[in-house]
Amino acid sequence: VGTGTYTDQECHVKALEIDPTNSQAWNNLGVSLTSKDTVTVGTGTYTKRECHVKAAEIDPTNSQAWNNLGAFLTPNDPVTVGTGKYTNQECHVKAVEIDPTNSHAWNNLGASLTPMDTVTVGTGKYTKRECHVKALEIDPINSQAWNNLGASLTPMDTVTVGSGKYTNQECFVKALEIDPTISQAWNNLGASLTPMDTVTVGTGKYTNQECFVKAVEMDPINAHAWNNLGASLTPMDTVTVGTGKYTDKECHVKAVEMDPTNAQAWNNLGASLTPMDTVTVGTGNFTKKECYVKAVEIDPTNAQAWNNLGASLTSKDTVTVGTGTYTDQECHVKALEIDPTNSHAWDNLGVSLTSKDTVTVGTGKYTDRECHIKAVEIDPTNSQAWNNLGVSLTSKDTVTVGTGTYTQQECYVKATETWAAFL
């Protein structure tokens, strides 16, 4: 302009130096900043958050500013605007009450809710899913709202948007056909597929592994996508991402280095190790067992990690988690109290018992054989549980599983058949 060259940020600063009461310029200046940036306007220095606060204080009807302010906040981080304090959710509510056609604000409001929450807007109450649907009915090309709507669905759910019905997978595809650069949508799409599935996006077909590769190529710091990519590999596989090749273990290391609080990545990293292995993460070295301990200390409700931690112990070992000490058996019980449908935990619990032992899970008492029965009733394809059920029988015993009766030999046959089907 004239003899000068200006960035977007410098243009917004110029606007505010001319008119410090320009609410939209404060809002746009905030949008131009990262969460770590500061910018000088006149004699003051402002963060991203402070720019959005200025915008909302100058014009409390600026829907966009309220939405952007909410999007910057964490759930436990209220902000003072004028004489009021607002959470991220309350900022988004302000945004949609001011402008009910603000698609991005409806989407962000949905993102601020848990699946169990409802929120009042005007005279209406909305669930997480209903907020994302509102966003898409206002703006059918809001790719983030399609992604978030898909994430709010289970694999069995369908949702109506306009005149169409969509599964979670179809929502992720819609998101990516609108914007193929959304890393989290590629990750979510991959997670919606089985290893045998392929999905069409635009003119391409993708497996779950190829979706995860796309996710990390779009955003190399997407810890969830690195973790899922690792989980899609066998110990013998490698996968190419950009110019690098990665094993399952290396993918999980990438995930926990990017996000050390990712419990599932710690669990999966542990699962990728042998009992003799150690792995370097950052400046630390971790054994298989130590990875599982990290997982359950980060998320004490991770049933899979409790089960794996128990499986990493011998019958004589104990392990310290937080302020508690646990045996292998106690780890498996923890897993089942969190998730009574975990077939592998029932099987491992049975293995931890002698034929004379019983163990209490919830309000029930179980023998080793009853644990193995629970395992195969929950998952009839669990070949290891069928084998262990056979081990718990004598050649003269029979056992009832569901509506069937099995001898020891028939249990071993089931184990072989389910293993062969898995291969």
Exercise. To the nearest 0.5 Å, how far apart are CD in Glu257 and NE2 in His252?
Worked result: 13.5 Å

Seminar exercise, completed: Heavy atoms of Asn227 and Ala255 approach each other most closely as N-CB, 3.8 Å

For this session: Please report the closest heavy-atom contact between Ser392 and His372, naming both atoms and the distance.
Result: CB-CD2, 4.3 Å

Exercise. How about Ile138 and Leu136: do any of their side-chain heavy atoms sit closer than 4.5 Å?
Worked result: no

Seminar exercise, completed: d(Thr381 OG1, Glu417 CD) to nearest 0.5 Å is 12.5 Å

Exercise. If you round to the nearest 0.5 Å, how far is SG of Cys251 from CG of Leu269?
Worked result: 11.0 Å

For this session: Taking Glu410 for its side chain and Thr407 for its backbone only, find out whether a donor-acceptor pair lies under 3.5 Å.
Result: yes

Problem set entry | Donor-acceptor contact present, side-chain Lys128 to main-chain Gly110, <3.5 Å | yes

For this session: Flag the pair Val79 / Cys91 as yes when at least one side-chain heavy-atom distance between them is below 4.5 Å, and no otherwise.
Result: yes

Problem set entry | Residue Glu17 excluded, over 12 heavy atoms near CD under 6.0 Å | yes

Seminar exercise, completed: Across all chains, not counting sequence neighbours, the salt bridge (charged side-chain N to carboxylate O under 4.0 Å, His left out) partners of Asp8 are none

Seminar exercise, completed: Residues Gln24 and Asn62: closest non-hydrogen pair is OE1-ND2, 3.1 Å

Problem set entry | Backbone N/O of Val81 and side chain of Glu57: donor-acceptor pair under 3.5 Å | no

Exercise. Are Trp186 and Tyr206 close enough that their ring centers fall under 6.0 Å?
Worked result: yes

Exercise. Looking only at heavy atoms, which two atoms of Asn88 and Pro75 are closest? And how far apart?
Worked result: OD1-CA, 3.8 Å

Exercise. Can you tell if the side chain of Tyr326 reaches within under 4.5 Å of the side chain of Lys334, non-hydrogen atoms only?
Worked result: yes

Exercise. Does the side chain of Thr261 come under 3.5 Å of the side chain of Asp259 through a donor N or O and an acceptor N or O?
Worked result: yes

Seminar exercise, completed: Value for SG (Cys291) from NZ (Lys289), rounded to nearest 0.5 Å, stands at 12.5 Å

For this session: Please report the C-alpha distance between Tyr292 and Trp306 in whole Å, then the side-chain angles of each, then the deciding distance to 0.1 Å, and finally whether the side-chain contact (heavy atoms from CB on, under 4.5 Å) criterion is met.
Result: CA-CA 7 Å; Tyr292 295 137; Trp306 277 109; over 6 Å; no

For this session: With side-chain contact (heavy atoms from CB on, under 4.5 Å) as the test, would you mind laying out the steps for Tyr246 and Thr240 before giving the verdict?
Result: CA-CA 6 Å; Tyr246 300 86; Thr240 300; over 6 Å; no

Exercise. Step by step, would you call Ser183 with Val216 a side-chain contact (heavy atoms from CB on, under 4.5 Å)?
Worked result: CA-CA 7 Å; Ser183 173; Val216 296; over 6 Å; no

Exercise. How many angstroms lie between atom SG of Cys371 and atom OH of Tyr366, to the nearest 0.5 angstrom?
Worked result: 8.0 Å

For this session: Would you check if the side chain of Ser23 reaches a backbone N or O of Ala55 as a donor-acceptor pair within less than 3.5 Å?
Result: yes

Problem set entry | Sequence-distant partners of Asn348, side-chain contact (heavy atoms from CB on, under 4.5 Å), two or more places apart | Asn307, Ala311, His332

Exercise. Salt bridge or not for Lys374 and Asp347, using N-O below 4.0 Å?
Worked result: no

Seminar exercise, completed: Of all heavy-atom pairs linking Ala305 and Asn302, the shortest is N-OD1, 2.9 Å

Exercise. Any side-chain heavy atom of Val391 within less than 4.5 Å of one from Tyr412?
Worked result: yes

For this session: Say whether, by atom type as modelled, one donor and one acceptor occur between the side chain of Lys48 and the main chain of Leu33 under 3.5 angstrom.
Result: yes

Exercise. Is the shortest heavy-atom distance from the side chain of Val201 to the side chain of Pro180 under 4.5 Å?
Worked result: no

Problem set entry | Side-chain donor/acceptor of Asp117 to backbone N/O of Thr114, under 3.5 Å | yes

Exercise. Ignoring hydrogens and geometry, is there a side-chain-to-backbone donor-acceptor pair from Asp299 to Val296 under 3.5 Å?
Worked result: no

Exercise. How about Gln184 and Asn188: does a side-chain donor come under 3.5 Å of a side-chain acceptor?
Worked result: yes

Problem set entry | side-chain contact (heavy atoms from CB on, under 4.5 Å) between Leu193 and Thr207, worked out | CA-CA 7 Å; Leu193 303 174; Thr207 62; 5.8 Å; no

Exercise. Do Val376 and Leu389 touch side chain to side chain, with heavy atoms closer than 4.5 Å?
Worked result: yes

Exercise. To the nearest 0.5 Å, how far apart are CD in Gln169 and OG in Ser192?
Worked result: 4.0 Å

Exercise. Is the shortest heavy-atom distance from the side chain of Thr5 to the side chain of Glu10 under 4.5 Å?
Worked result: no

Problem set entry | Tyr126 vs Thr118 side-chain heavy atoms within contact, under 4.5 Å | no

For this session: Look at the side chain of Glu290 and the backbone N and O of Thr287, then say whether any donor-acceptor pair between them is shorter than 3.5 Å.
Result: yes

Problem set entry | Lys205 versus Glu210, closest heavy-atom pair with distance | O-OE1, 3.7 Å

Exercise. Under the 3.5 angstrom rule, does the side chain of Asn222 hit a backbone N or O of Asp219 as a donor-acceptor pair?
Worked result: no

Exercise. For Asp77, which residues count as a salt bridge (charged side-chain N to carboxylate O under 4.0 Å, His left out) partner, sequence neighbours excluded?
Worked result: Arg49

Exercise. Just checking, is any N or O donor in the side chain of Asn142 or Ser103 under 3.5 Å from an acceptor N or O on the other one?
Worked result: yes

